[in-house]
Novice: 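Sharing a structure here in structure tokens format.
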2 protein chains.
Amino acid sequence: MSAPTVYDVAERANVSIATVSRVYRNPGTVREQTRDRVLVAARELGYVPSGNARGLASRSTGVLGLCFPDYADPDLDDDDAEQTLYADEITRGMERAARRHGYALLIAASLEDGPESLVASVAGRVDGFAVLARTVATEDLELMSRRLPVVMIAGPREIDHLDHLEVANLDGEFTMTTHLIADHGLRRLAFVGGGEDSPDARARFAGFQQALRAADLPVPAEPAARGDFTQAGGREAARRLLARGAPPQAMVFANDQMAIGGLDVLERQGMRVPADMAVVGFDGIPLGRVVRPSLTTVTQPMRRLGETAVDLLVERLADPDREPRSEMLPVTQTRRASCGCPEPAPR
Amino acid sequence: MSAPTVYDVAERANVSIATVSRVYRNPGTVREQTRDRVLVAARELGYVPSGNARGLASRSTGVLGLCFPDYADPDLDDDDAEQTLYADEITRGMERAARRHGYALLIAASLEDGPESLVASVAGRVDGFAVLARTVATEDLELMSRRLPVVMIAGPREIDHLDHLEVANLDGEFTMTTHLIADHGLRRLAFVGGGEDSPDARARFAGFQQALRAADLPVPAEPAARGDFTQAGGREAARRLLARGAPPQAMVFANDQMAIGGLDVLERQGMRVPADMAVVGFDGIPLGRVVRPSLTTVTQPMRRLGETAVDLLVERLADPDREPRSEMLPVTQTRRASCGCPEPAPR
DNA sequence: GTGAAAGCGCTAACAT
DNA sequence: ATGTTAGCGCTTTCAC
């Protein structure tokens, strides 16, 4: 079971190891007859080039990495589906883009860090990598980014010499809120935020605030309620808002899962959506299209995040000295029934 | 930007490279004071061990691989969601399990094979890998499996000395079909299959046939219709079945996506499900819980497939000579409204 | 077009 | 507890 090497192949094909190597790297520079001999020998032996040896000799691995937080534990049903989905979509986007560029993808979810932290183990094996916000200690990132390309996805731009990617959270929520105010004539809107430390939720809240301000409506300093991004959290928040009396005319949830939880509570309490209460989310998860009423939301380009991350990585690999770039990906408004817009036609 | 090596760290910490290496591999065997010196030096330099050099020297990479087919192309909405979801869940399962065992995960979707096929590029970088059925030419697999652990997920067991993992397709469909016959008293059932070459769909059909036979009902030699596993395919198949006259009392779809497409067509044609027509799927995708009527289905343990694959890999890594194993993972019956069972209570 | 030889950065005996 | 020294399997000049 010990793997054959270039030496074995070379011997069998009566050529030097250099030629074997060439057959794989620059087939063009080897005479056809010789090349065939090598290929046949390789096949007979079951030879596969060692990625490690290659990487070591050529100082590049042909692999790009992705680090993301380890969402949720067990077999939890779908409440973790969102974050999980988020990471998955990014993974898929990166995977595709990486392959297009001839790279493989190494993925690693953080757990805890021994002396060899997650980053280090990834960093040692790849030509560059992407990190989802708040996966990795800033300090470690700082270190790594001095030696190989790193792009930070979502979240605030913590390290200024890093390439950075985010979505237009503020803009998206501003536009959505303005839609509620201007197009549906609503004036009492409640924002349901996420945990204090979520920069995404904060940016969305800021967009919400701006829209109120722009419309000369009273601007709350804090979200009317907070949730933990799960459906359960959304239910909870909706209940609290309703219990408070003087219910708003619209609930603007910081994400879709919470909005869907909210929808459920509203229905059970006999409120009609959108007639009595408009509801909007953020993210654009598939579920939102299926729930009734279908969910109006701000759709994130999740897959494109992954693709763009790879693009940035590849660019920087090609030109290590180019200025760090920060890109903001646009979001799109998905107007369905829960805000009062007409139910879109089924496909 | 050229990465520091053990030599740089050793020099800075006034120790030998061996000591540096030890600090990372067996911290216990180095005096604390020395260890700290090394760690400090490493940190100052931004040192990260090279995975390649490590792998080369130690003949093991600490990475497990996964190859899967490249489902669908563009940004296709949700019709590819299923296969995609399937692969994702397996990926997640493997990722978690791999991490538990201290491995990272390299993923690669096949595209086409140059001289360096997908397998080869994966095989050269990992300690062992899993392959989703029909991703990789059998011949290549045969070759690879002689040099490193390979486990084949789903599909038939094409190579007998490979570890192999599958789900109880036949059993699951047998039980489901029997439920329709015995518990709901249905007697005219139509099976909607997948492409001819899908071993999964075939196994499910076989389970369907067995159930009919066991109930002394007429046993069709072929599925009543076929689809391509998408919702559109399911719609199409349902339409054809309906157009044929003498509609069945139940449609048994080879997977959930098709079943959901079927549900849609039935509703539009004014048939009530399950009153006029029972519908069941296979897979257990999240969407099935949300559609109305909610979909009765056979749920696959997707994530566990990934976990088990890793377990098999790790076992074989520990004992390369153990007999090849083939495991069949159980499926579960998910009875919801579309077969005539009561709608389960919302959570 | 092909071969010879020098590393790539690390681990793993084996010394000390 | 720490240092010395071979490789690991490949790529890559540089000759021929």
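Chain A is the first sequence line, chain B the second, and so forth, proteins listed ahead of strands; every chain is numbered from 1.
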Novice: Quick one: B/Arg25 CZ to C/dA13 C1', roughly how many Å, whole number?
Specialist: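 Those two atoms, CZ and C1', are 15 Å apart.
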Novice: Nearest whole angstrom, please: distance from the P of D/dA6 to the CD1 of B/Ile17.
Specialist: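 Computing the B/Ile17:CD1 to D/dA6:P distance gives 12 Å.
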Novice: Of the options D/dC10, C/dG9, C/dG1, whose atoms approach the side-chain atoms of B/Val6 most closely?
Specialist: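 Among D/dC10, C/dG9, C/dG1, the one nearest the side chain of B/Val6 is C/dG9.
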Novice: Under 4.0 angstrom, heavy atoms only, what part of the nucleic acid is A/Ser21 near: base, sugar-phosphate, or nothing?
Specialist: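 If one applies the 4.0 Å heavy-atom cut-off, A/Ser21 turns out to touch a base.
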Novice: To the nearest angstrom, how far is A/Glu11 atom CD from D/dG9 atom P?
Specialist: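 From A/Glu11 CD to D/dG9 P: 14 Å.
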Novice: I want to verify a distance call: between D/dT11, D/dG9, C/dG3, whose nearest atom is closest to the A/Ser50 side chain?
Specialist: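 Nearest listed nucleotide: D/dG9.
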Novice: Return the 5'-most residue of the pair B/Thr29, A/Asn52 with respect to DNA chain D, ranking by each residue's nearest nucleotide.
Specialist: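 It is B/Thr29 whose nearest nucleotide is closer to the 5' end.
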Novice: Could you give the CG-to-P distance, from A/Leu45 to D/dG9, as a whole number of Å?
Specialist: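 Roughly 13 Å, once rounded to whole Å.
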Novice: Which nucleotide in the list C/dG9, D/dC14, D/dC10 gets nearest to the side chain of B/Thr5?
Specialist: C/dG9
Novice: Using heavy atoms to find the nearest nucleotide of DNA chain D for B/Leu56 and B/Ser16 separately, return the residue whose nucleotide is more 5′.
Specialist: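 Result: B/Ser16.
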Novice: How many angstroms lie between atom OG1 of A/Thr5 and atom CG of A/Leu45, to the nearest 0.5 angstrom?
Specialist: 9.0 Å
Novice: Which one, D/dC10, D/dT4, D/dA1, comes nearest to the side chain of A/Arg54?
Specialist: D/dC10
Novice: D/dG9 P sits how many Å from A/Asp8 CG, rounded?
Specialist: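 From A/Asp8 CG to D/dG9 P: 9 Å.
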Novice: Calculate the interatomic distance between B/Arg59 atom CZ and C/dC10 atom C1'; express it in whole Å.
Specialist: 13 Å
Novice: Any side-chain N or O of A/Tyr24 under 4.0 Å from OP1/OP2 of D/dT12?
Specialist: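 Negative; the distance criterion is not met.
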Novice: Does a side-chain N-to-carboxylate-O contact under 4.0 Å join B/Asp36 and B/Arg31?
Specialist: no
Novice: Does A/Arg43 pair with B/Glu139 as a salt bridge, N-O distance under 4.0 Å?
Specialist: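 Looking at B/Glu139 together with A/Arg43, the answer is yes, because their closest N to O distance falls below 4.0 Å.
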Novice: Round to a whole Å and report the spacing from CZ of B/Arg35 to C1' of D/dT2.
Specialist: 14 Å
Novice: Is there a donor on the side chain of A/Tyr7 or the base of D/dC8 sitting less than 3.5 Å from an acceptor on the other?
Specialist: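 No, the side chain and the base share no sub-3.5 Å donor-acceptor pair.
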Novice: Can a salt bridge be assigned to the pair A/Glu323 and A/Arg325 using a cut-off of 4.0 Å between side-chain N and carboxylate O?
Specialist: no
Novice: Taking atom C1' of D/dT11 as reference, at what distance in whole Å does atom CG of A/Asn26 sit?
Specialist: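 From A/Asn26 CG to D/dT11 C1': 10 Å.
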Novice: Base, sugar-phosphate, or nothing for B/Val20, non-hydrogen atoms under 4.0 angstrom?
Specialist: nothing
Novice: Assess whether a salt bridge exists between B/Glu307 and B/Arg96, defined as any Lys/Arg side-chain N lying under 4.0 Å from an Asp/Glu carboxylate O.
Specialist: no
Novice: Taking the side chain of A/Arg22 as heavy atoms from C-beta outward, which of D/dT13, C/dA12, C/dC10 is closest to it?
Specialist: D/dT13
Novice: So which one's nearest nucleotide on DNA chain C is more toward 5', A/Asn14 or B/Ala53?
Specialist: A/Asn14
